[in-house]
Each structure stands twice: as C-alpha cells, then as structure tokens.
Colleague: 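Quick one: the structure is below, questions incoming.
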Amino acid sequence: MIQRKERPHLLDRRLLMDRSVPGRRGVRLPPLDVPEQRLPPEELLRGDLDLPEVSQPEVVRYFTRLSQLNYSVDTNFYPLGSCTMKYNPKVNDEVASLAGLAWLHPHAPGPCSQGALKLLYRLQGFLGEVTGLPGVSLAPMAGAQAELAGILVIRAYHRSRGEQPRRTMLIPDSAHGTNPASATMGGFQVVGIPSDSQGNLDLEALKGKLGGDLAGIMVTLPSTLGLFEPHILELCRLVHQSGGLVYGDGANMNALLGQANLGDLGFDVVHLNLHKTFSTPHGGGGPGAGPLCVREGLAAFLPAPVAQRVQGNGAEEYRLVRPEHSIGRLGAFHGNFGVLVRAYAYIRALGGPGLRQVSQDAVLNANYLLARLKDRYELAYDRVCMHEVVLSARRQKRRGVRGLDIAKRLLDYGFHAPTMYFPLIVDEALMVEPTETETKETLDAFIAALEAIDEEVSTDPDLVRTAPHSTPVGRLDEARAARQPDLRWRRGRT
Ligand SMILES: *Cc1c(COP(=O)(O)O)cnc(C)c1O
C-alpha cells in the first residue's frame, strides 16, 4: 500500500495565500467590449483586499489536493452509524442539475414554475405513501429543524383543543440528542424513559409517566440501537389513551422502506431525512431536507409552504399554499429544492419494489456484519438488528485499548470510523451502518480489518493507541478544533 508519507505533495500544508507571488495571475480578461459601468460610491469600496496571486494550475492543484484529503463515500466504505452514508447514484445529481430545475428562480411566477411545483406535489405524495402519513410539508431543511417543526405541530394541536396546556414530552434514553433539544426548544418538559435489558423501551416505566399533562412521546424506529421496538403498537396505544401524540424520528428509514407503514403502527408525526435515506450526499454540513409527514387531522398545522393541486380553467394547476393553522415558515422560500429533486428522482428510479429491496439489503448487510464480528467484539444487545449494528469495545478496553483507538486505527486500514460513544447507554459503543450499497467483498475487507485490529490490541496495543499513522495529520484536539476553530489566515503564520 502506498502510504501518504510517500506522496509529499499531499503533505504540503501551505494555504493558498502562502503560495501568493505579487503580480502572478490566473486569468487575463479580454479587452472590454461592453459599455463601462460606474463603480459604486467611494465609501462602499475597499482600498485593499488581500487575495492570493497565483496561477491557474496552482489553484486547481490546491483545491484538488484538498479534496483528496477528504474521506468520502465515493472513495471508500463509510460505516458511520445513524448517518446512512450510502452511495448516491449520480443520475440523481444529473437530474437535479437540469437547467430548468437548477436555474429556476425562487421568485419565478407560478405559470413559469408548474413543472417544479408538480414535482414537489408528487414528492409529497410519495413520502406520504412511504410513511403512511398523508399530510406532508417539504419545508424543513434538516432533521433537527423538522423535529422542531413537528414539536410545534404537536403544541399547536393541543392548543387548538383548548384544554389545559400539556407540557410533558417523553423521550427514551437511547434517543438522538436532537430529540430532547427540539422538545425543549418547543417549550416542553422532557422526561426520560429508560431502556430495558433487551434494548427496548421499558413499558412499565412508560406507564408510570402517563397522565393528563402528557403532550406526546418522541420515538425512533428502529431505535438508535439499530433494533426494532417490539412493543410499538402497545406504546402508541398507551400514549394515545392519555391524549398524547406519537412523534416518530424517521431520520433512519433505511430499514423500513416499503416494509412498515408508520401511520398504521400509530405514529402521528414523522420526519424523514432525505440526505440520509433518499440519496443526497451529506457530511460536512452539506444541504439537507427533513420533510415532515403527519396524520390527516394534523395537516392544517404543517409548516408553510405546501404544494397543492387545483383545477384551473379545465387544466390542473399547482401552487404553494400556507396550511390554514400553519405553525409558520422555517426559512425563506420552499426548502432545499435540489435535495427534493434528488429524492424524487431516486424514488422514481427505484419504484416501490426497489425501495423494498433497499431496506432488505440494508438489514441483511448489517446482520452479516453482526454475525461475523460478534465473536471478536461484544454485541450491545445479542439479537437480530435492523439497518445498523451496535458493537461495544468492552473486551478490547480490558486489554487497554479504547473504542476511540480502534476507530482511529481503522483509518490506517482505509476505512472511515464508525459512529462512536453513541447511543450513550452503550459503553464503548461502535455503531456500524453498512447500508445496502456495499458489496460482500467490501464488507469482508472491513471485517478483516476489525479482526486484524483486535489481534493488534493483544500483540501491539501501542500501535492502536497511537493510530492513525498514515493520515496527513495524526490525533487532533477535537474539542479545541470544535470550540476554538482557527480559520482565519494571517500573514506570516503557518
Ligand atoms: C441524523 C439524525 C437526526 C438529525 O438530523 P439532521 O439532519 O442532522 O439535523 C435526528 N435523529 C436521528 C435518529 C438521526 O440519525
């Protein structure tokens, strides 16, 4: 294997500004052949602006190298649990780049944007079918934003009934951190529900928390432990009996596509993450979309806008409307349109049987990893999993190596690390989500890497504890990088 060390150009850490040479140029403009325009007033102009003076090839090489330092789904396996880092077919990008869609101005009048509005309308219909919840708003631009919107829908629903305010929102202890954050932002008091020894929600504990103050519950199905919740019907029934609503965190639908109708199971409000399940590349904070799907009776509260079909002069016509009791807008315009186009193209290309196949293969791949790895790595819960498997590095920890070290060492083997230390209730958690798009050969190579690392933990634990050894930079101070990012260029500083 060629190590990064042997490719010195990849280690050149000089920023573009540091490569600047006065007078060097990347582009020469042709002589002006249009009328000269006056510049804005003096006070709006800057006298100096430090820009790098570099040649065109230097710019291209600089950014191409940077892109090569990035790990991506397009370079190798990316088993980051709960993030569904699947391969996204390029045809969906191509469709989203079609000039008529990509260049459509958000203020284009209705008659000029009928095709785009029809696409939104039909996507709403598809997602309503996928979830079994027919009221759909495509406005939210992330899972977390959709959660907040859904929580506000639940609040608006309770208020509309004119009862005493209900303030309690139940959330299992395995939940994604955004759930309690969204509920709190929405003005609710979060009450945790523990998981039982099988990783299921503790139904007895739930019964103890029911009552007239209950606004609802936020559940994730499959749970963030990658497990199906066998008591889901009973759980929904109990919450409904107390007058509460059931919110489903559907960020990870990869196990249930075409398999289960969440509306039939008893969910009232569900969000989907199109940038996980429905083919938008993500990571690094790229654009996302978190459509919100609700039961018929809650559609009037949905965030605006919602696409609607009306019968115009004999022909059908599409337009954006504000639902009657809408909780309001979440941003300008109508969500992340390009992400919505990708999801539409993905669903049209696969069709119902294709979506069902996605979830079957995703679950099969996760269970293959579970079966092959469970002798070396402890399982958080020893039972069949759904789209992801949660391992624990407890055994390795007893030999002096932590889950973090194993994750870092995987980088040397060319794999992205799994999600770590989440869910919080699993000690030394390594959460692995293979997705449906990986071949058996890739999964076998990943298994072989984890087996080899387990050997190293016994034979050379320091090698693992000091990994990674082949990346351009070694271990970073992650807390400082997140809290005090130093992103500004200053002259003379390297
Ligand atoms: C990713 C995820 C979210 C949050 O989605 P964002 O789009 O990142 O805001 C919420 N819940 C679960 C279970 C997730 O996996």
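Keep in mind that what you see is a predicted model, and the values were worked out from it rather than measured. Both counts, for ligands and for their atoms, begin at 1 and track the order of listing.
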Colleague: Among pairs that include at least one residue of residues 358-391, which meet ring pair (Phe, Tyr, Trp, His ring centres under 6.0 Å), considering only residues two or more places apart or in two chains?
Modeller: none
Colleague: Working to the nearest 0.5 Å, report the span between CG of Leu210 and CD1 of Ile217.
Modeller: 8.5 Å
Colleague: Put together the list of close N/O pairs, under 3.5 Å, between ligand 1 and the protein, could you?
Modeller:
{"residue": "ligand 1", "atom": "5 (O)", "partner": "Asn273", "partner atom": "ND2", "Å": "3.0"}
{"residue": "ligand 1", "atom": "7 (O)", "partner": "Gly143", "partner atom": "N", "Å": "2.7"}
{"residue": "ligand 1", "atom": "7 (O)", "partner": "Asn273", "partner atom": "ND2", "Å": "3.2"}
{"residue": "ligand 1", "atom": "7 (O)", "partner": "His275", "partner atom": "NE2", "Å": "2.7"}
{"residue": "ligand 1", "atom": "9 (O)", "partner": "Gly143", "partner atom": "N", "Å": "3.3"}
{"residue": "ligand 1", "atom": "9 (O)", "partner": "Ala144", "partner atom": "N", "Å": "2.8"}
{"residue": "ligand 1", "atom": "11 (N)", "partner": "Asp249", "partner atom": "OD1", "Å": "3.3"}
{"residue": "ligand 1", "atom": "11 (N)", "partner": "Asp249", "partner atom": "OD2", "Å": "2.6"}
{"residue": "ligand 1", "atom": "15 (O)", "partner": "Ser82", "partner atom": "O", "Å": "3.1"}
{"residue": "ligand 1", "atom": "15 (O)", "partner": "Ser82", "partner atom": "OG", "Å": "2.8"}
{"residue": "ligand 1", "atom": "15 (O)", "partner": "Asn252", "partner atom": "OD1", "Å": "3.3"}
{"residue": "ligand 1", "atom": "15 (O)", "partner": "Lys276", "partner atom": "NZ", "Å": "2.8"}

Colleague: Mind checking side-chain contact (heavy atoms from CB on, under 4.5 Å) for Glu451 and listing every partner two or more places apart, or none if nothing turns up?
Modeller: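 Listed in chain order: Arg372, Arg376, Ile447.
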Colleague: For the side chain of Asn336 and the backbone of Gly288, is there at least one donor-acceptor N/O pair under 3.5 Å apart?
Modeller: yes
Colleague: For Glu388 and Ser82, test the side chains for any donor-to-acceptor distance below 3.5 angstrom and give the result as yes or no.
Modeller: no
Colleague: For Ile347, give me all partners under side-chain contact (heavy atoms from CB on, under 4.5 Å), at least two apart in sequence or on another chain.
Modeller: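 With neighbours one apart ignored, the set is Leu123, Phe126, Leu127, Phe278, Leu355.
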